[in-house]
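A quick note: this is a predicted structure, and the numbers were derived from the prediction, not measured. In the text below, chain A, chain B and the rest are named by the order of the sequence lines, each starting its count at 1.
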Amino acid sequence: MREDGREGCSGAPPQRRLETCASTNSEAAAWMAEGAPHGASVVADAQTGGRGRRGRSWYSPPGAGLWVSVVLRPRIGAQAAPLLAVAAGVAARDALAAAGVPGVTLKWPNDLMLAGRKMGGVLAELHGRGAEGGLACVLGLGVNLSLPADAFPEELKATATSPLREVGAAPDRDAVLDAFLPALLAAVEALESDGGSALVRSFAASLHGLGSRVEVTLPGGTLRGIAEGIGPGGELLVRDGEGALRRVLAGDVRLVEGPGAG
Amino acid sequence: MDLKEISEILRMLRRSDVAEFELERGGTVLRVRRALGVAPGVAGVVAPAPAPIAPAVAPPPPASGLAAPTADHRPAAEPEGAIVTSPFVGTFYRSPAPDAPAYVDVGSAVRKGQVLCIVEAMKLMNEIESEVDGRVARIYAENAQPVEYGAPLFLVVPT
């Protein structure tokens, strides 16, 4: 009965390339429900309804970036599933470096930062509970590549960026994609084999704002403190005003001072 | 599931108003029923073959594999049903976006596979689905609040 989509697969996983769609995550989720295998991906030149966390929209105009969603069927327990979102951030950082964009840092949990501004983000959607049917996850990545400075909407100008804006040149989208997909599958394999310790180390090595003062918007209020590192489950460790170390698993993090604040 | 985890679950239940709790992990089922106002007791631990390390805190499970009847201790107010628990430590959301209506309310009829809520950790959003056709009888967690691994979220009474 178990169909984890990883039996007998050889060669590269299948890929669907679209000119435009509402959201690559929605396309990939529909494909996953039809049985798309581990590693199957959906790439679009433009999204008309790109999504972020909690119903926020993601600006993804034609040809300006990489908008891709990947179906994952990881052999891990549900408790480790949040590390899949870390795997995506680490893989994207490494893919960008391979495609000629070094110096990308990761703002917890998985925003891709360049020169202190956000150039990309991850939205992961998990289905299934891991008990009988296995876990199935759609991992969406959106990265601005060739969006010029004057093309950013007014409300994003101060906080968002692209390699074109920062260094005057954009990497080839397909070069980033071709590096990202195997890097992501390798990161998932690493997670499966060691429970995520190598992944967390790799994440911590390029954590944006390490040692800086941060404000974390939490359900019950705001946590202010110093970002001290990453815990074994990928959680952000924040030393609060009373000296207690707090573990943050969900919330919006803002740097208030220190390297790269803004 | 080891003794430490079970004692943690019992401690968590003692602080809650949950009358019935079921957790399945690695083929081991922990089922707790209690009368509210008294300390929880383990009503039955069922370990189907091949048996993992079965917790030894309960009397041997009945041959039928069902929990020992505890109807006498269950308050009439708490209906029989499936407890939906949190898959990991995260934040519980009752709607897909802050300005969107809740997926379900107490009293909502739900189908198997229907989304009940989202639990988020580190931008991984897990849509939690009902495992039965039924009716939502209880919602144990508060919207946008942290939930622990295994924390009860909903009671769904099968129809």
List the atom of Ala81(A), the atom of Phe88(B), and the distance in Å for their closest heavy-atom pair. CB-CE2, 4.4 Å

Side chain from CB out, backbone as N, CA, C, O: work out which of these in Val138(A) comes under 4.5 Å of a heavy atom of chain B, or both, or neither. neither

What residues of residues 103-112 of chain B sit under 4.5 Å from chain A when only non-hydrogen atoms are counted? none

Measuring heavy-atom distances to chain B, does Pro109(A) have an atom under 4.5 Å in its side chain, in its backbone, in both, or in neither? side chain

Could you check whether atom CD of Glu228(A) has more than 12 heavy atoms from other residues, nucleotides or ligands sitting under 6.0 Å from it? yes

So do the side chains of Cys137(A) and Leu124(B) get within less than 4.5 Å of each other, counting heavy atoms only? yes

Are Lys123(B) and Val122(A) packed together at the side-chain level, in the sense that at least one heavy-atom pair is separated by less than 4.5 angstrom? no

Least distance between heavy atoms, Asn110(A) atom then Met122(B) atom: ND2-O, 3.7 Å

Separation between CG (Leu126(A)) and CD1 (Ile118(B)), nearest 0.5 Å, reads 11.0 Å

side-chain contact (heavy atoms from CB on, under 4.5 Å) between Met125(B) and Leu123(A): does it pass, once the steps are laid out? CA-CA 8 Å; Met125(B) 321 300 275; Leu123(A) 182 68; 4.1 Å; yes

